[in-house]
Participant: 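Questions regarding the structure given below will be posed in turn.
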Amino acid sequence: MQQRFKTLSILFVLVLTVGLLAACGNNEAQTSAEPAVQAETTDNSTQAATTDEATEETTSEAATGDRTITYLGKEYTVPATAERIVITGAMEAMEDAVTLDIHPVGAITYAGEFPEQFASITDNAQSIGEKTEPNFETILSLKPDVILGSTKFPEETLAQLEKIAPTILVSHISDDWQDNLKLMGELTGKETEAQAAIDQYAADVETAKAEIGTKIKGKRVLAVRVRQGSLFVYPAGIFVNAILYGDLGIEVPDIIASAEAQQEISVEQLAEINPDYLFLQFSENENSKAPAALEDLQNNPIIQQLKAHKDGKMFVNLMNPLSEGGPAWSRDQFLKAASEKLSE
């Protein structure tokens, strides 16, 4: 009996010992697990803080709504969304707006009216003045996101416009037509449409060259603009010359090759050139002081002796007379009309 009691006592002690050891083990496991949980909580808090900071930064950028674009090697800070565009001075930008169906809130007028060729985009526009005479008060009242001016503007005009809104001076040089169109596309989210228009024009040039072939080889081709009753020619890269001599590869006349800017010529000088093909551009808006200039020119005995006149190769206003010649819209209009005449 005594022996049995001793055995039970020993067993009780063993069970109690095992229980105590197990309890200690659980406490140690729980204690060792606590730092891991704390570390995980700390990591999650840090990640959340980082995410909050990134969100705040993105929200801040969205609030400012600015972005940087590059045009002809210069950077401009403009609103992320340029919905209210004012065009002043830059007929090139007006034509690009037609090509991409952009409707400015303010646009150029002639004699207080929007030219017919811009009717599709000026339905909701307000006149901001004539081509070279921007009305700063009107432009300010329109609260533009971006103002598109002209590289022909003097510095003082640019300074006034920049006080109102971010201003980009659009190039009047024909060779910059693709950059001009891409600028309009980038400002308005129509980059794809701008590139498509450029690609289509390149294809149309190849088609035109194939149609013309060698028919104009050795022929003298000249484009003349009538302004206030006087005759003007332009360098090879200006006006429709960029299409005739650049895109179509027609031989450049000496008077065009030597011209450094818009150059007035006399009827006698035109007779000396005696072109085989003569493209005349006449607008009533540009000849308000000489409204009968075109009729007088056509009735001039010297003009009537020109080869182009006698052969029926003198063409008037193949495209809208207010067209600049260099932008995408002008190029498309003139290329199709001129290539048809040159391939006859």
Side-chain angles (χ1 to χ4, degrees), residues 95 173-178 197-227 230-283 294 297-298 300-344:
E95 291 195 25
I173 304 300
S174 295
D175 288 345
D176 293 329
W177 73 276
Q178 294 188 31
I198 292 170
D199 294 340
Q200 183 59 56
Y201 179 75
D204 291 343
V205 167
E206 293 306 313
T207 299
K209 289 167 72 174
E211 291 176 351
I212 294 172
T214 59
K215 295 178 182 178
I216 58 173
K217 186 176 181 180
K219 302 292 185 180
R220 296 178 298 276
V221 180
L222 191 68
V224 175
R225 195 168 191 167
V226 185
R227 283 183 158 177
S230 299
L231 306 179
F232 293 92
V233 294
Y234 298 83
I238 305 294
F239 189 42
V240 297
N241 292 350
I243 304 167
L244 294 172
Y245 312 124
D247 297 336
L248 296 178
I250 298 173
E251 184 177 347
V252 182
D254 291 339
I255 194 168
I256 300 299
S258 62
E260 297 181 356
Q262 175 178 274
Q263 179 177 319
E264 183 177 356
I265 64 171
S266 64
V267 172
E268 289 75 18
Q269 285 177 296
L270 182 57
E272 290 179 9
I273 300 169
N274 196 21
D276 296 285
Y277 292 84
L278 178 61
F279 297 102
L280 284 175
Q281 187 161 325
F282 174 87
S283 168
L294 179 61
L297 188 65
Q298 292 172 321
N300 189 305
I302 298 177
I303 296 297
Q304 291 179 347
Q305 292 302 310
L306 295 178
K307 192 174 189 306
H309 187 280
K310 291 191 293 185
D311 294 346
K313 303 296 184 183
M314 187 172 82
F315 308 107
V316 179
N317 293 341
L318 286 188
M319 62 179 181
N320 189 292
L322 287 179
S323 301
E324 291 298 299
W329 190 85
S330 285
R331 285 175 179 265
D332 183 63
Q333 298 295 312
F334 186 78
L335 176 68
K336 292 175 180 177
S339 60
E340 179 182 343
K341 300 300 182 183
L342 293 171
S343 60
E344 291 178 350

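FYI, the numbering just counts along the sequence from 1.
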Participant: In the structure I gave you, are the side-chain heavy atoms of Val221 and Leu248 within less than 4.5 Å of one another anywhere?
Facilitator: no
Participant: Find the distance between CD1 (Ile255) and CD (Glu272) and round it off to the nearest 0.5 Å.
Facilitator: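 Reported value, rounded in 0.5 Å steps: 8.5 Å.
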Participant: Check whether Gln269 reaches the backbone of Ser266 with its side chain - one donor and one acceptor, N or O, closer than 3.5 Å.
Facilitator: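 Yes; judged by distance alone, with no hydrogens or angles, the pair exists.
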Participant: Applying side-chain contact (heavy atoms from CB on, under 4.5 Å), run through Val240 and Met319 and close with a yes or a no.
Facilitator: CA-CA 10 Å; Val240 297; Met319 62 179 181; 3.3 Å; yes
Participant: Nearest 0.5 Å, what's the CZ-OH distance between Arg225 and Tyr234?
Facilitator: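 So the gap between those two atoms works out to 4.5 Å.
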Participant: So for atom CD, which belongs to Glu251, do other residues, nucleotides or ligands contribute more than 12 heavy atoms lying within a distance under 6.0 Å?
Facilitator: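 No.
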Participant: Under a 3.5 Å cutoff, is there a donor and acceptor pairing between the side chains of Arg227 and Gln262?
Facilitator: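 Arg227 vs Gln262: donor-acceptor pair found between side chains.
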Participant: Distance check, rounded to the nearest 0.5 Å: Phe315 atom CZ versus Leu278 atom CG?
Facilitator: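 That separation rounds to 9.5 Å.
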Participant: Listing request: all salt bridge (Lys or Arg N to Asp or Glu O under 4.0 Å) pairs with a residue in residues 308-325, at least two apart in sequence or in separate chains.
Facilitator: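 Output for this query lists Lys131-Glu324, Lys307-Asp311, Lys313-Glu344.
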Participant: Check step by step if side-chain contact (heavy atoms from CB on, under 4.5 Å) holds for Ile303 and Met314.
Facilitator: CA-CA 10 Å; Ile303 296 297; Met314 187 172 82; 4.0 Å; yes
Participant: Can you confirm whether more than 12 heavy atoms, excluding those of Glu260, are under 6.0 Å from its CD atom?
Facilitator: no
Participant: Just grab all the ring pair (Phe, Tyr, Trp, His ring centres under 6.0 Å) pairs involving residues 321-344, residues at least two apart or on different chains.
Facilitator: Phe279-Phe334
Participant: So which heavy atom on Ala236 is nearest to which on Ile256, and how close?
Facilitator: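 What the structure gives for the nearest pair is N-CG2, 3.6 Å.
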Participant: May I ask you to test the Phe239-Ser330 pair for a side-chain heavy-atom distance under 4.5 Å?
Facilitator: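 The answer is no; the side chains never approach within 4.5 Å.
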Participant: Of all heavy-atom pairs between Val205 and Asp247, which one has the smallest distance, and what is that distance?
Facilitator: CG1-O, 3.6 Å
Participant: How close do Leu244 and Ala223 get, heavy atom to heavy atom, and via which atoms?
Facilitator: CD1-CB, 4.1 Å
Participant: Step by step, would you call Trp177 with Arg331 a side-chain contact (heavy atoms from CB on, under 4.5 Å)?
Facilitator: CA-CA 9 Å; Trp177 73 276; Arg331 285 175 179 265; 3.2 Å; yes
Participant: Less than 4.5 Å apart, any side-chain heavy atom of Pro275 and any of Leu270?
Facilitator: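 A side-chain contact exists here, since the closest heavy-atom pair is under 4.5 Å.
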Participant: Distance check, rounded to the nearest 0.5 Å: Ile238 atom CD1 versus Gln263 atom CD?
Facilitator: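 One finds 13.0 Å between CD1 of Ile238 and CD of Gln263.
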Participant: Asn317 versus Gln281: any side-chain heavy-atom pair under 4.5 Å?
Facilitator: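 Yes; the side chains approach each other to less than 4.5 Å.
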Participant: So, the side chain of Glu264 versus the backbone of Ser230: is there a donor-acceptor pair under 3.5 Å, distance only?
Facilitator: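 Here the side-chain-to-backbone pair does not exist.
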Participant: If you compare all heavy atoms of Ala242 against all heavy atoms of Ser174, which two are closest, and at what distance to 0.1 Å?
Facilitator: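 Residues Ala242 and Ser174, closest heavy atoms: CB-CB, 3.8 Å.
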Participant: Atom CG of residue position Asp199 - does it have more than 12 heavy atoms of other residues, nucleotides or ligands inside 6.0 Å?
Facilitator: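 Atom CG in Asp199 is crowded, with more than 12 foreign heavy atoms closer than 6.0 Å.
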Participant: Look up atom CD1 in Ile243 and atom CD1 in Ile250, then write down how far apart they are to the nearest 0.5 Å.
Facilitator: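 Result: 10.5 Å between the selected atoms.
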Participant: Kindly compute the distance separating CG (Asn300) from CG (Leu306), expressed to the nearest 0.5 Å.
Facilitator: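 Interatomic distance, Asn300 CG to Leu306 CG, rounded to 0.5 Å: 8.5 Å.
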Participant: Return all side-chain donor-acceptor pairs below 3.5 angstrom for residues 206-216, not counting sequence neighbours, or 'none' if the list is empty.
Facilitator:
from, atom 1, to, atom 2, distance (Å)
Thr207, OG1, Ala203, O, 3.1
Lys215, NZ, Ser343, O, 2.5

Participant: Ignoring hydrogens and angles, tell me if any N or O in the side chain of Arg220 forms a donor-acceptor pair with the backbone of Pro253 under 3.5 Å.
Facilitator: no
Participant: Run the side-chain contact (heavy atoms from CB on, under 4.5 Å) check on Asp204 and Lys336 step by step: do they pass?
Facilitator: CA-CA 8 Å; Asp204 291 343; Lys336 292 175 180 177; 4.2 Å; yes
